[in-house]
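Supplied in structure tokens, the structure appears directly below.
All heavy atoms count here, side chains included; hydrogens, waters and symmetry mates do not. Reminder, nothing fancy here: chain letters follow the sequence lines and each chain counts from 1.
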Amino acid sequence: MKPKSVIRKATTHVNQNEGLIFEKSSAGKFAWRLPPLDVPEVDTAKLLGASERKDLGHMPEVSEIEIIRHFTRMSTWNYAIDLGMYPLGSCTMKYNPRVNEVVSRLDGLANGHPYQPENVSQGALRILKTLSDCLIDITGMDAITLQPAAGAHGEFTGLLLVRAHHQSKGHARKKILIPDSAHGTNPATAATVGYAVENLKSNSQGMVDVAALASQMNEDVAALMLTNPNTLGVFEQEIHKIADIMHAKGGLLYMDGANMNALVGKVRPGDFGVDLMHLNLHKTFSTPHGGGGPGSGPVAVKKILEPYLPTPVVVTKSDGTLGFEYNRPQSVGRVRAFYGNFGMFVRALAYTLANGPDGLRQTTEDAVLNANYIRKGLEGAYDLPYATPSMHEVVFSDKLQAKKGVKTMDIAKRLIDYGFHPYTTAFPLIVPGALMIEPTESESKEEMDLFIEAMKSIAEEVEEDPEMVLAAPHTTRVSRLDEVAAARKPVLRWKPS
Amino acid sequence: MRYLPKSPADREAILKAIGARSIDDLFSPIPAEYRLNRDLKVPRQMAESEIVDWFRERSRENGDSYAMFLGAGAYYHYRPVIIDSLISRGEFLTAYTPYQAEISQGTLQSIFEFQSMICELTGMEVANASMYDGSTAATEGVMMAIRLTGRRTIAVARSVHPEYREVLATYATHQDHPVVTVGFTESGRIDLKELEKSVNQDTACVLIQSPNFFGIIEDVNAIAEIAHKNGAMLVVSIAEAVSLGIVEPPRQADVVAMEAQSFGVPLGFGGPYCGVIATREKYVRQMPGRLVGQTTDTNGRRGFVLTLATREQHIRREKATSNICTNQALVALMANIFMTIYGKVGLRELAKQNLAKTAYAAQQFGRHASVLFSAAPRFNEFVVETSEDPFAINSRLLGHKIIGGLPLKKFYPELGNAALWCCTELTTRDAIDTATALVGESQDSTKPSREVAEVTR
């Protein structure tokens with residue numbers, strides 16, 4: 001490594017090797033013990049006949065200490081928010097408060113059965129109701145469903161509502177308009193609901209081209225799916241015009257709430273013309289990403305869409321207790337069994353209570369402040385393709401570094417050596433070689449200063465020693481992995497050799 | 001706000017560096033007329049102790065420490081403590097999707113092990129990293145079959161979880177796929193004759209659940225034969241994963257769609273749970289969801305990456321196999337640790353205890369009421385028909401801190417006063433005896449007991 005590199009955040013240290021669990025297994029080791037049976041033993045052959053399973057194949061046999069070490073060693077190979085800045089744009093990697101974890105594990109909540117009688121479910125129902133009320137005010141909408149399990153599932157639910165609305169007017173319509181800067185889930189979802197996708201080009205400022213929208217909007221278009229702030233981190237300033245154009249021709253404005261962390265407590269989508277939107281509780285509301293999930297994607301709607309919400313909905317009964325209402329003839333139906341990812345509702349509500357109105361507002365302000373600090377710090381060192389003001393994230397491009405053959409992914413890999421998780425690479429698609437950076441409110445000035453310093457140092461390395469950057473990371477347990485080979489001849493499970 | 005790592009001086013310094021006069025400058029792109037000039041209507045900022053108290057109160061209102069006889073897609077099994085110790089490690093809890101493989105090997109290797117164990121247990125060749133839950137996994141499994149066969153119609157057993165069928169209907173309606181429902185016989189199993197008539201050249205797949213919603217193990221061989229001879233695929237949903245410890249997996253299936261909640265995932269009032277899809281190798285390119293594969297790094301060391309991403313929405317957009325992005329990774333990790341703890345021998349012993357408790361309970365219930373569907377083998381659920389309304393029985397049980405079986409009238413009006421009961425290794429003989437005595441209190445002796453001399457198969 002070049003001695004000139006400034007790596008102040010990280011130092012390498014030893015971590016443990018660990019094979020696959022199957023490689024540690026041997027007959028007779030175990031990590032379980034069941035209590036003695038208090039009912040008569042059964043003859044499994046007699047009870048199950050030909051349905052009885054005799055053998056569990058190559059399932060592992062290991063002891064408890066081996067399991068603890070196995071997973072603990074593997075955990076040390078992961079980067080995490082708990083270790084430092086994780087500036088993945090659009091993913092909102094903020095602090096995951098630990099009190100959320102504690103309250104979600106309280107016995108009555110963790111062991112609550114979804115079908116237990118309503119009179120012994122008042123605690124869970126109160127949580128659903130309180131969170132719903134908070135989210136309705138935060139979004140400025142009129143009603144909500146918490147059922148969708150993730151953002152894309154929320155999009156699916158939202159477009160079902162759109163379809164139901166148009167069907168009630170006699171024509172389901174055919175198309176969904178989606179800006180070219182959108183997340184991949186948007187077009188994939190539209191297809192799932194049986195809608196054709198029509199692309200909407202962005203203008204030179206990275207925003208919706210309002211004139212193009214006006215010309216593309218017609219009675220075949222069911223809705224526009226818009227992320228606001230968009231994936232460049234830019235607030236769609238002409239949002240009111242956009243909403244008017246949609247509404248004038250009977251279309252609906254759907255907002256992808258992936259970037260709601262820029263808005264909470266400062267502005268409400270319901271006030272600027274949005275008809276329905278989803279939230280990502282695992283982004284804005286601090287529930288842990290957990291290595292890829294679980295998420296939660298509530299969908300908030302205006303009054304006109306309320307009759308179509310999935311069943312059941314929570315209602316207050318005449319005696320003041322809460323209950324589930326199933327009799328909803330206009331509902332689009334269920335999108336998931338039971339009521340959604342309840343454990344995530346507990347966490348999101350704990351986060352909301354910890355913040356209060358003042359904390360939520362300050363959080364949004366800090367998120368925007370941080371993104372602008374990063375932007376200021378890296379301007380000049382990296383190309384800024386759109387000069388439009390940034391909200392909670394900022395998108396640079398690798399244009400300057402590409403001259404030396406170094407691409408966004410290479411810079412990202414080098415950033416790992418500096419002790420940071422990379423930003424989002426190569427997205428949004430409208431920026432070739434994008435570096436999409438979202439620090440969130442959870443970063444201190446010190447951590448951001450280290451990040452800016454690291455990024456600038458890498459920019460210098462690219463000028464002086466591009467080969468070194470191209471070969472990064474240099475400090476991880478594995479170097480760059482052969483993804484092509486992985487896809488060409490997939491090995492997707494362990495097999496005994 | 002205690003989660004925010006900035007002093008007022010830091011904020012001032014940053015504003016100065018940016019060249020902004022105030023924080024409001026940064027929000028100036030938002031048209032003034034839309035800006036919110038009041039506090040949000042959310043409760044005031046609370047201390048940590050107040051938050052814990054508030055949720056403790058909710059926990060107390062929520063049937064805390066009741067004995068549980070509910071199953072029906074959500075099962076109360078013991079969760080070994082090391083599951084939570086391990087998943088609480090920040091490196092697992094607070095990591096994102098493992099797109100940057102070099103610093104995500106912990107998540108990636110654990111998913112690879114999860115996929116491998118799901119294959120071992122289901123008898124399939126490949127499994128994905130997880131789906132939202134059992135209901136959406138079953139639906140996505142059906143959609144896979146539709147893409148693979150190029151056919152339109154879906155045949156679904158009425159003995160599949162009613163809410164899973166509702167989810168399937170929601171997805172199928174808008175893609176214009178007719179759903180044909182096939183009834184069950186007196187054995188509680190799918191009606192094979194009706195199935196025979198319902199499956200034809202337009203049928204993409206048959207969806208069954210085994211053990212089914214009534215806890216009955218379906219005759220998967222016979223069903224597979226009917227599906228396959230018509231060129232249709234067989235999708236088998238498994239809602240009670242612990243059954244795999246002692247029930248033969250549906251090896252004849254083309255797709256297995258699982259709910260892995262029973263593997264160490266808390267009931268949690270219905271979620272988050274963990275769906276999984278497993279299938280044959282030849283169908284892998286039509287699978288939805290993330291997949292982890294083994295590969296090597298530039299030095300030849302073994303490592304793991306997300307692979308075959310060209311199926312997924314971030315690459316294929318509207319042509320993707322599914323719109324799924326975020327899955328249930330941390331919950332899959334719980335299931336993974338659970339499977340590792342019980343392993344080859346423990347899973348069988350655990351399943352056997354479930355079987356024994358259920359056999360005992362069914363016998364005890366049989367003294368006071370009819371236990372339906374006793375001619376076919378069952379795992380850990382059984383249907384009890386009483387002369388008294390099961391809601392009235394359940395109210396009586398609640399007084400004894402017992403949550404009784406699920407009344408079935410809502411889902412199966414033809415079953416009248418029947419209710420679905422479930423026993424797991426956590427159900428005590430005391431609870432079974434108390435519950436059966438309370439059920440018996442009002443039962444007249446006109447109900448013959450079919451369970452006392454139970455002979456299955």
- A:Met74/B:Arg89 under side-chain contact (heavy atoms from CB on, under 4.5 Å): CA gap, chis, key distance, verdict: CA-CA 11 Å; A:Met74 289 198 295; B:Arg89 285 191 63 93; over 6 Å; no
- Query: Step by step, would you call B:Asp297 with A:Arg480 a salt bridge (charged side-chain N to carboxylate O under 4.0 Å, His left out)?
  - Reply: CA-CA 5 Å; B:Asp297 74 358; A:Arg480 286 201 205 188; over 6 Å; no
- Task: Start with the C-alpha distance between B:Tyr171 and A:Phe156, add both sets of side-chain angles, then the distance that settles ring-ring contact (aromatic ring centres under 6.0 Å, His included), and finish with yes or no.
- Result: CA-CA 9 Å; B:Tyr171 277 76; A:Phe156 170 74; 4.1 Å; yes
- Let me know if A:Glu447 has heavy atoms under 4.5 Å from chain B in its side chain, its backbone, both or neither. neither
- Message: Please determine whether salt bridge (charged side-chain N to carboxylate O under 4.0 Å, His left out) holds for the pair A:Arg493 and B:Glu125, giving the CA-CA distance in whole Å, both sets of side-chain angles, and the decisive distance to 0.1 Å.
- Response: CA-CA 8 Å; A:Arg493 63 177 292 194; B:Glu125 293 164 348; over 6 Å; no
- Query: chain A heavy atoms under 4.5 Å from B:Ser59: which part of the residue, side chain, backbone, both or neither?
  - Reply: both
- Sort A:His183 into side chain, backbone, both or neither according to what part of it lies under 4.5 angstrom from a heavy atom of chain B. backbone
- Message: At a 4.5 Å cut-off on heavy atoms, which part of B:Thr428 comes close to chain A: side chain, backbone, both, or neither?
- Response: both
- Query: Tell me, side chain or backbone of A:Leu492 under 4.5 Å from chain B's heavy atoms, or both, or neither?
  - Reply: both
- Portion of A:Tyr95 that has a non-hydrogen atom of chain B nearer than 4.5 angstrom: side chain
- Task: May I ask you to name which of B:Cys325, B:Ala356, B:Gly293 has the most heavy-atom pairs under 4.5 Å with chain A?
- Result: B:Ala356
- Message: Within a 6.0 Å radius of atom CZ on A:Phe30, are there more than 12 heavy atoms belonging to other residues, nucleotides or ligands?
- Response: no
- Message: Please classify the contact between B:Leu86 and chain A as side chain, backbone, both or neither, with a heavy-atom cut-off of under 4.5 Å.
- Response: side chain
- Using 30° and 60° as the class limits, which term best fits the ring planes of A:His153 and B:Tyr132: parallel, tilted or perpendicular? tilted
- Side chain, backbone, both or neither: which part of B:Leu93 has a non-hydrogen atom closer than 4.5 Å to chain A? both
- For B:Arg56, is it the side chain, the backbone, both, or neither that has a heavy atom closer than 4.5 Å to a heavy atom of chain A? both
- Note on the structure: Bottom line for A:Val332: the part with an atom under 4.5 Å from chain B's heavy atoms is backbone
- Item | A:Ile416, part contacting chain B, at a heavy-atom distance under 4.5 Å | side chain
- Residue pair B:Glu61, A:Arg126: steps toward the salt bridge (charged side-chain N to carboxylate O under 4.0 Å, His left out) verdict: CA-CA 9 Å; B:Glu61 295 164 355; A:Arg126 179 61 57 196; 5.8 Å; no
- Whatever's closer than 4.5 Å to a heavy atom in chain A on B:Tyr164 counts as side chain
- Go through the atoms of A:Tyr86 and report whether side chain, backbone, both or neither lie under 4.5 Å from a heavy atom of chain B. side chain
- Task: Answer with side chain, backbone, both or neither: which region of A:Asn96 has an atom nearer than 4.5 Å to a non-hydrogen atom of chain B?
- Result: side chain
- Item | Which atoms of B:Arg11 approach chain A - backbone, side chain, both or neither, heavy atom under 4.5 Å | both
- In terms of heavy-atom proximity below 4.5 Å to chain B, should A:Tyr79 be classed as side chain, backbone, both, or neither? both
- Item | Option in B:His314, B:Lys357, B:Met339 with maximal non-hydrogen atom pairs under 4.5 Å from chain A | B:Lys357
- Message: Between B:Asp64 and A:Asp107 (side chain of the first, backbone of the second, donor and acceptor by atom type, cut-off under 3.5 Å), is there such a pair?
- Response: no
- Task: Check whether A:Pro490 gets within reach of chain B through its side chain, its backbone, both or neither, counting any heavy atom under 4.5 Å.
- Result: side chain
- Task: Check whether any side-chain heavy atom of A:Glu441 sits under 4.5 Å from a side-chain heavy atom of B:Lys6, and report yes or no.
- Result: no
- Item | Reported CG-to-CG distance for the pair B:Leu355 and A:Leu47, which is rounded to 0.5 angstrom | 5.0 Å
- Message: Can you give me the closest heavy-atom contact between B:Gln313 and A:Ala188, atom names plus distance?
- Response: CB-CB, 3.6 Å
- Query: Using non-hydrogen atoms only, which part of B:Arg44 is less than 4.5 Å away from chain A: side chain, backbone, both, or neither?
  - Reply: backbone
- Side chain, backbone, both or neither: which part of B:Ile51 has a non-hydrogen atom closer than 4.5 Å to chain A? both
- Message: Which atoms of B:Asn299 are under 4.5 Å from chain A, going by heavy atoms: the side chain, the backbone, both sets, or neither?
- Response: both
- Shortest non-hydrogen contact from A:Met93 to B:Thr94? CE-O, 4.1 Å
- Task: Under 4.5 Å heavy-atom distance to chain A, tell me which part of B:Pro80 shows up: side chain, backbone, both or neither.
- Result: neither
- Interchain contact, A:Glu61 with chain B, by part (heavy-atom threshold 4.5 Å): side chain
- Query: Which bit of B:Ala169 comes within less than 4.5 Å of chain A, counting heavy atoms only: side chain, backbone, both or neither?
  - Reply: neither
- Tell me, for B:Leu244 versus chain A, whether the close heavy atoms (under 4.5 Å) come from the side chain, the backbone, both or neither. both
- Item | Contact summary for A:Val491 and B:Phe112, nearest pair of heavy atoms | O-CE1, 3.4 Å
- Item | Student check: side-chain heavy atoms of B:Thr97 and A:His289 closer than 4.5 Å | no
- Item | Winner by heavy-atom pair count (cut-off under 4.5 Å) against chain A, out of B:Thr136, B:Ile217, B:Thr340 | B:Thr340
- Note on the structure: Interface check, chain A: of B:Trp54, B:Tyr96, B:Tyr360, most non-hydrogen pairs under 4.5 Å belong to B:Tyr96
- Taking B:Gly90, B:Pro266, B:Ala95 one by one, which has the highest count of heavy-atom pairs under 4.5 Å against chain A? B:Ala95
- With salt bridge (charged side-chain N to carboxylate O under 4.0 Å, His left out) as the test, would you mind laying out the steps for B:Asp39 and A:Arg361 before giving the verdict? CA-CA 8 Å; B:Asp39 275 355; A:Arg361 185 170 50 229; 2.9 Å; yes
- Heavy-atom distance under 4.5 Å to chain B: side chain of A:Pro473, backbone, both or neither? side chain
- What are the two closest heavy atoms between B:Val305 and A:Ala486, and how far apart are they? CG2-CB, 3.6 Å
- Note on the structure: Cut-off 4.5 Å, heavy atoms of chain B, and the answer for A:Ser25 is neither
- Query: Can you name the nearest heavy-atom pair linking A:Val99 to B:Glu48, along with the distance?
  - Reply: CG2-CG, 3.6 Å
- Item | A:Trp32 side chain reached by B:Val345 side chain, heavy atoms, under 4.5 Å | yes
- Which atoms of A:Leu360 approach chain B - backbone, side chain, both or neither, heavy atom under 4.5 Å: side chain
- Item | Heavy-atom pair with the smallest gap, counting every atom of B:Gln45 and A:Ala354 | CG-O, 3.0 Å
- Message: I need the residue from B:Asp10, B:Ile324, B:Thr173, B:Ile337 with the largest number of non-hydrogen atom pairs under 4.5 Å to chain A.
- Response: B:Ile337
- Hey, is the main chain of A:Leu481 close enough, under 3.5 Å, to the side chain of B:Arg301 for a donor-acceptor pair? no
- Query: Of the backbone (N, CA, C, O) and the side chain (C-beta and beyond), which part of B:Tyr66 lies under 4.5 Å from a heavy atom of chain A, both, or neither?
  - Reply: side chain
- Message: A quick test of your reading: do over 12 heavy atoms of other residues, nucleotides or ligands sit less than 6.0 Å from CD of A:Glu64?
- Response: no
